[in-house]
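For ligands, and for the atoms within them, numbers begin at 1 and follow the listed sequence. Just so it is clear, the model here is predicted, and its values are computed rather than measured. Here, residue 1 is the first one in the sequence, and each next residue gets the next number.
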Amino acid sequence: MSTQTTRRDFIRTAFACLIPISIGCSWKQSRKPNIILIMADDLGYGDIGCYGSDTIKTPHLDALAKGGLLFTDYYANAPVCSPTRAALLTGRYQQRSGLEGVIYVRGETRQTGMDPSEITFANGLKNNGYATGLFGKWHLGYRKKYNPVHQGFDEFKGYVSGNIDYHSHYDNAGIFDWWHNLEQVKEEGYCTDLITRHTIAFIKKHKDRPFCAYVPYETPHCPYQGPKDEPERFPDTDFTYEGKRPDQKNAYKEMIESMDAGIGHIVKTVTDLGLEKETFIFFCSDNGAVGKVGSNGSLRGQKGSLWEGGIRVPAIAYWPGTIPANLKTDVPAMSMDLFPTLLALTRTSHEGIPPLDGIDFTPLWTQTRFDPHRTLFWRYRNQKAVRQGKWKLLINHDKPHLFDLFKDPQEAQDLIDQHPQVAAELHDQLDAWETDVLHRVELKTT
Ligand SMILES: [Ca+2]
């Protein structure tokens, strides 16, 4: 038996043993739970302590993992920012909203965005009486008509670009990018700290009613700037995309540790208000790390690729009293699963919401066994991928590869010649999926 097999058996056994049958009933009798959905930007599979980093210290995220559920096989819907966010918000493959690629700060995609007619999880929860707020990165359209306040959020404080200077808040085109709803506002502060501070203010303001805070941090996306660095980006000033710190890895560590401290403050606020058992906290990343500064653990590939390192990312669910502590699951989950999951745990009606591609993963803690037997698909530029059970078909620049992810999560052993029938069946499913999601859809980004 391989080490990998042993580890997986442990996870499954632990999972089966630790969940009391009665779990999952307690919250149904109480008020509707609050939601705090935190997403890091370009955080890799090996970038935090509970996923194996021994250089970056993340005690607060580690505590969430220890007190809740850690996903070993959580996937971003895309290996880059905008499409993952479109899928997270809509609960559907991003192709259905035309957003297969990044919305860039320059060029024609700057004029496009997620159509306000799309239904987001914020729309759903708002209709169910929730206060909804977004604090951090949007990246689903620069124009005001694409602003989060038109997509179900009562309140938006943050930026609409892919990245901003953490101190001056100018984007990579030298355009000022810090907003309160539809207005640009000047605010002093390190981006990470501002996001934390506004999230805490929102929680305190709405402590007596159900609230949903979507908290997409900028960390650890470039420019690589720590809390004590100088601002670099201003109009008519020369600056670089990645920033001027020569020791990028040190800056990267400072950025993640700063975010971890912020998450600690958010959790402490929830606890101090006595809302810990009434609040579902979820943490994830939007795609894999940039390999030269970050870590994707032992996974192959990085941000931008459909190798596991580009799409398999950290994810933690924390809800004391409902989700048992010290759980791990290897059931695959994906960005687009959050919408149906949030609908389920807030008991929100699906009325008026189109069919979702994601699935409700609350059975991970309400049932002793949960295996949805589904197939997951990715498409980005000249890459396509399919995962079903242990199998992953990867088509990279028209070249197909087949991997057994149970035995080989590093994707080192191509089994396409040994199992041509498996590859052919997955390819057929991929073709059918592409026909489905691209039916009548005009892609705005690629
Ligand atoms: Ca990203």
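Between His198 and Phe202, the distance from one ring center to the other does not fall under 6.0 angstrom.
Ionic pairing of Asp436 and Arg96 is present here: one or more N-O contacts between side-chain nitrogen and carboxylate oxygen are shorter than 4.0 angstrom. With respect to Asp62 and Lys57, no salt bridge is recorded, no charged nitrogen being found less than 4.0 Å from a carboxylate O.
The salt bridge (charged side-chain N to carboxylate O under 4.0 Å, His left out) test with Asp73 is passed by exactly one of Lys390, Lys328, Arg312: Arg312.
Nearest to the Ca ion (ligand 1), among the N, O or S atoms that Asp42 has, is OD1.
Our summary of the site lists the angle at the Ca ion (ligand 1) between OD1 of Asn287 and SG of Cys81 as 110°, to the nearest 10 degrees. Expressed to the nearest 10°, the angle at the Ca ion (ligand 1) joining OD1 in Asp41 with OD2 in Asp286 is 90°.
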